[in-house]
Every structure is written in structure tokens, then in C-alpha cells.
Novice: 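My questions will all concern the structure given below.
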There are 2 protein chains.
Amino acid sequence: MTELFDYFDKFLKLSDNTKKALAELCSNVTIKKNDTLQPFGHTCKTIYFLKSGIARIYYYKDGTDITECFAFEGNIIARVESLFTGKPSQKAIQILENAEIIAINATQLFKLYDTYPQIERLFRLIFETAYVDTLNRIEGIQFHSAEERYLDLLKRTEIVQKIPLKHIASYLGITQVSLSRIRATVK
Amino acid sequence: MTELFDYFDKFLKLSDNTKKALAELCSNVTIKKNDTLQPFGHTCKTIYFLKSGIARIYYYKDGTDITECFAFEGNIIARVESLFTGKPSQKAIQILENAEIIAINATQLFKLYDTYPQIERLFRLIFETAYVDTLNRIEGIQFHSAEERYLDLLKRTEIVQKIPLKHIASYLGITQVSLSRIRATVK
DNA sequence: GTGATTATTTATCATTTGTTAAAGGAATTC
DNA sequence: GAATTCCTTTAACAAATGATAAATAATCAC
């Protein structure tokens with residue numbers, strides 16, 4: 001669990017008994033490439049932390065598979081729109097590279113918010129950061145060409161190389177053909 | 001202040017003394033069309049609630065004025081990226097239609113988080129909702145044409161009619177010429 | 001390894017949006 | 001109310017991306 005608490009530490013220093021309470025909600029999951037971590041249609045009740053591997057959140061739009069986001073080693077991933085609204089998620093989580101994951105039981109987590117204000121604060125800070133990242137992503141989508149966005153993604157994580165092109169294309173909001181064309185000119 | 005507390009009520013029922021503490025951070029502001037509510041370069045320390053009027057957050061990108069978002073009657077507006085990071089904001093808030101505003105002192109607000117967990121929770125819920133809205137906006141930008149996005153914006157608020165075209169265009173991520181063309185075909 | 005499946009590239013043409021420039025309207029100032 | 005400025009539309013052409021189809025390349029199952 002060290003990796004997870006190191007991650008938490010970056011947001012807020014937790015007291016020992018808060019850490020202990022949190023640790024009780026966590027369980028380890030090992031899951032293989034291409035497997036589904038969370039299926040469509042269920043209300044999201046888990047927040048995941050990736051110790052290793054790659055995951056993506058995706059959904060179907062007019063029959064095509066769209067990747068909403070990727071998550072890499074050392075980051076958390078959750079279907080926020082369901083977690084916060086309590087509505088069933090129209091999105092699924094799939095593993096793209098064999099992963100070691102810590103699953104945090106969100107139902108129990110939210111219950112701890114009353115007893116441990118530190119925990120409520122921790123996750124408030126985590127999601128505030130994610131919110132700001134999302135605002136910046138909008139700027140990226142609206143004011144950069146597909147080529148710029150692709151190069152930017154490459155710059156952020158070279159691990160992207162391991163991900164099938166179609167997922168990267170739908171994440172960037174373009175077709176796979178278009179991305180392939182871009183890569184040809186960039187090389 | 002009734003409008004503001006009605007707004008809060010939709011997220012969380014507050015106790016009377018919590019409301020009283022909150023009310024002490026609030027002040028009324030009357031501001032005219034085209035005036036600047038918050039300039040560039042300062043760290044954002046205020047959250048605004050619009051009792052009436054229209055406001056927008058904007059910034060300059062390569063010399064052009066870009067509208068990040070609009071706010072209408074009954075909604076809050078804040079430069080979140082500065083509020084949450086404590087860094088100076090590269091964005092400004094401008095009034096587009098004469099407005100009656102309640103200004104919430106965020107510095108004092110954050111201090112109350114320790115004493116009134118209800119207040120921390122209230123704003124956590126408010127911003128969680130805003131976060132989910134932002135995620136949905138990304139979907140809109142990536143998978144709908146400019147025309148669809150324009151019609152969708154019109155559907156959400158007819159007040160948009162009052163806003164100069166250039167602001168709507170930059171909000172939608174297209175040029176003013178392009179938006180004008182779209183409006184010509186839609187009519 | 002061979003065949004089958006899946007992923008990626010390439011090519012062609014259509015559509016959308018951007019860029020630039022100019023013209024017509026609306027609003028504001030004096 | 002005339003002049004000025006700002007806002008919106010129109011037009012012509014360029015660039016980026018989409019759609020479809022076909023050709024390679026890579027991967028997987030047996």
C-alpha cells in the first residue's frame with residue numbers, strides 16, 4: 001500500500017489512524033491485459049489506484065468505442081460521473097497492460113467522510129486537481145490541432161506507444177485514419 | 001441572500017449557524033455591462049453568485065480573446081484553476097449584462113472548512129457537480145460539430161442571444177466567421 | 001508455421017472549418 | 001444626425017479532418 005499512501009501524501013499529510021481506517025477499505029487486484037475491470041451499467045462504487053499497468057475508461061457513442069481517458073502507473077482512475085451522481089455508469093474500465101491495482105471501496109469511503117474530515121478533505125483535493133486538469137484539457141482540445149494534441153500526449157507519457165492507435169485516436173477526438181496520417185507526416 | 005441559500009439548499013441542507021457563518025462572508029455587488037469583475041493576474045480569492053445578469057471568464061490565447069465559460073442568473077462563477085492552485089489567474093471575469101452579484105470571500109471560506117465541515121462538504125459537492133459538467137462538455141466538443149454545439153447552447157439558454165457572437169464563437173472553439181456561416185444555414 | 005483475425009497505413013474524394021478581405025448593419029459618441 | 005467604431009455577414013480560397021475502400025503489416029489461435 002506504500003505507493004498509494006505516497007500518492008495521498010502529495011495532497012495531504014494523514015494521521016496514522018486516518019491511514020489505518022483508509023487501509024481497511026483497500027484491496028489488491030491483479031488483472032490482465034484486455035480484461036474488463038468494471039463493466040457498463042453498474043453504479044461506480046470503486047476508486048482504483050494503479051501500482052502498475054495501463055487502464056482506460058471508454059464508452060460507446062453511436063456504436064463506436066470512445067476512450068474518455070487513460071490511467072498509468074501511480075495514478076487513480078474512477079468513473080466520476082457515476083461516483084458523484086450515484087447514477088449507473090454508461091462507461092466501462094478496461095485494462096490495456098497487465099496491472100497491479102489497489103481498489104478503494106467508495107461506498108465505505110464516503111461513510112468515513114463523517115468520522116474522518118481528513119479523508120473527505122483528501123478526496124476533495126484529489127478531485128479538485130482532476131477538475132483543473134479537465135479544464136486544461138478542454139483548452140487543449142479547442143485550441144490545438146490534432147497533430148499538436150498527439151505530440152503533446154506523446155510528450156506526457158511515452159507509454160502511449162503501447163496503446164492501440166484506435167484508442168488514442170478516439171481519446172484525441174479524431175478518427176484512426178486521421179491519426180495514422182498525422183503520424184506519417186510527423187515521422 | 002435568499003437566492004444564494006436556495007442554491008446551496010439544492011446541494012446540502014445547512015444548519016442555521018452554518019448559514020449565519022456563511023452569510024458573513026458574503027457581500028452584494030452591483031456591476032454594469034462590459035465592466036471587469038476580476039482582472040487578469042491576481043490570485044482568485046472570490047466566488048461569485050449571479051442573482052441577475054450575465055458574466056464570462058476569458059483569457060488571451062496568441063492575442064485573441066477566448067471565452068472559457070458563461071454564467072447566468074442563479075449560478076456561481078469562479079476562476080477555479082486559480083482558486084484551487086493558489087496561483088495567479090491568467091483569466092479575467094467580465095460582465096456581459098448588468099448584474100446583481102453576491103461575492104463570497106474564498107480566503108475566509110476556506111478557513112471555515114476546519115470549523116464547519118458542512119461548509120467544506122457544500123463546496124465539495126458544488127465543485128463535484130461542476131467537474132461532471134466539464135467532463136460532459138469535453139464529450140460535446142469532441143463528438144459534435146460546431147453546428148450541433150451551437151444549437152445545443154441555444155437550447156440550454158436562450159439568453160445567449162444577448163451575447164456578442166465573437167464570445168459565443170470562441171466558447172464553442174470556432175471562429176466568428178464560421179459561427180456566422182452556421183447561423184446562416186440554420187435559419 | 002499457416003491461416004485467420006486484427007491493427008495500421010495509404011489513397012481518393014467530400015465536408016467542415018480556418019483565413020483573409022470586404023461590405024453591410026447596428027450602436028455609440030459628439 | 002453625422003461620423004466613427006464595433007458587430008455581423010458574405011465571399012473566395014486554403015487547410016484540416018472525415019468517410020470509404022483497399023492494401024499492408026502485425027498478432028493470435030490452432
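The structure displayed is predicted, hence computed values, not measured ones. Proteins get letters first, then strands, A, B, ... in listed order; numbering begins at 1 in each.
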Novice: Whole-Å distance between C:dA7 P and A:Arg183 CZ?
Specialist: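 Whole-Å distance recorded here is 14 Å.
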Novice: Looking at B:Arg121 and A:Asp114, is there a salt bridge between them, counting it only when a charged N and a carboxylate O are closer than 4.0 Å?
Specialist: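 Salt bridge present between A:Asp114 and B:Arg121.
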Novice: Within the pair A:Thr175 and D:dT17, is there a side-chain N or O less than 4.0 Å away from OP1 or OP2?
Specialist: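 No, outside the criterion.
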Novice: B:Ile182 CD1 to C:dT15 C1': how many Å, rounded?
Specialist: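 Taking atom C1' of C:dT15 as the reference, CD1 of B:Ile182 is at 13 Å.
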Novice: Please set out all donor-acceptor pairs under 3.5 angstrom arising from side-chain atoms of residues 161-176 of chain B, sequence neighbours excluded.
Specialist:
from	atom 1	to	atom 2	distance (Å)
B:His167	ND1	B:Arg56	NH1	3.4
B:Ser170	OG	B:Thr67	N	2.8
B:Ser170	OG	B:His167	O	3.3
B:Thr175	OG1	B:Ser178	N	3.1

Novice: Could you check which residues of residues 139-152 of chain B get a heavy atom under 4.0 Å from DNA chain C? Sort them by number, please.
Specialist: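 Those residues are B:Ser145, B:Ala146.
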Novice: Which pairs, protein N/O on one side and nucleotides 12-14 of chain C N/O on the other, fall under 3.5 Å?
Specialist:
none

Novice: Phosphate oxygens OP1/OP2 of D:dT8: is one of them under 4.0 Å from a side-chain N or O of B:Lys166?
Specialist: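 Answer is no, no contact under 4.0 Å.
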Novice: Using whole Å, what does the distance between atom C1' of nucleotide D:dA16 and atom CD1 of B:Ile174 come to?
Specialist: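 These atoms are roughly 15 Å apart.
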Novice: Starting from P on C:dA7, measure out to CD1 on A:Ile163 and report it in whole angstrom.
Specialist: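 After rounding, the gap between these two atoms is 14 Å.
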Novice: Would you tabulate the nitrogen or oxygen pairs shorter than 3.5 Å linking the protein to nucleotides 25-30 of chain D?
Specialist:
none

Novice: Taking the side chain from A:Glu81 and the backbone from B:Leu135, do they hold a donor-acceptor pair closer than 3.5 Å?
Specialist: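 The answer is no, because no donor-acceptor pair under 3.5 Å joins these two groups.
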Novice: Once you build an axis from the first five pairs and another from the last five of the helix from C:dG1-D:dC30 to C:dC30-D:dG1, how far apart in angle are they, to 10 degrees?
Specialist: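 Roughly 50° between the end axes, to the nearest 10°.
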Novice: When A:Phe123 is tested against each of A:Phe8, A:Tyr116, A:Phe110, A:Phe84 for ring pair (Phe, Tyr, Trp, His ring centres under 6.0 Å), which residue passes?
Specialist: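 With A:Phe123 as partner, ring pair (Phe, Tyr, Trp, His ring centres under 6.0 Å) holds for just one option, A:Phe8.
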Novice: Quick check against the 3.5 Å criterion: does B:Glu120 have a side-chain atom that pairs as donor or acceptor with the backbone of B:Pro117?
Specialist: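 Pair absent, no side-chain N/O of B:Glu120 close to backbone of B:Pro117.
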Novice: Kindly say whether B:Ala21 contributes a backbone atom to a donor-acceptor pair with the side chain of B:Glu24 at under 3.5 angstrom?
Specialist: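 Not at all, since once roles are kept as given, no pair shorter than 3.5 Å links the two residues.
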Novice: Extract all donor-acceptor atom pairs below 3.5 Å that involve side chains of residues 25-43 of chain B and protein atoms in other chains or at least two apart in sequence.
Specialist:
from	atom 1	to	atom 2	distance (Å)
B:Asn28	OD1	B:Lys51	NZ	3.4
B:Gln38	OE1	B:Arg79	NH2	2.9
B:Gln38	NE2	B:Tyr48	OH	2.9

Novice: Look at atom NZ of B:Lys61 and say whether more than 12 heavy atoms of other residues, nucleotides or ligands are closer to it than 6.0 Å.
Specialist: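 Counting neighbours around NZ of B:Lys61, more than 12 heavy atoms of other residues, nucleotides or ligands fall under 6.0 Å, so yes.
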Novice: For A:Ser180, report the nucleic acid contact type (base, sugar-phosphate, nothing); a contact means any heavy atom under 4.0 Å.
Specialist: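 Answer is base: heavy atoms of A:Ser180 come under 4.0 Å of a base.
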Novice: Are the side chain of A:Glu128 and the backbone of B:Arg124 linked by a donor-acceptor contact shorter than 3.5 Å?
Specialist: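 Answer holds: no.
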Novice: When you look at CG of B:Asp16, are more than 12 heavy atoms from neighbouring residues, nucleotides or ligands closer to it than 6.0 Å?
Specialist: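 No, CG of B:Asp16 has 12 or fewer neighbouring heavy atoms, counting only those of other groups under 6.0 Å.
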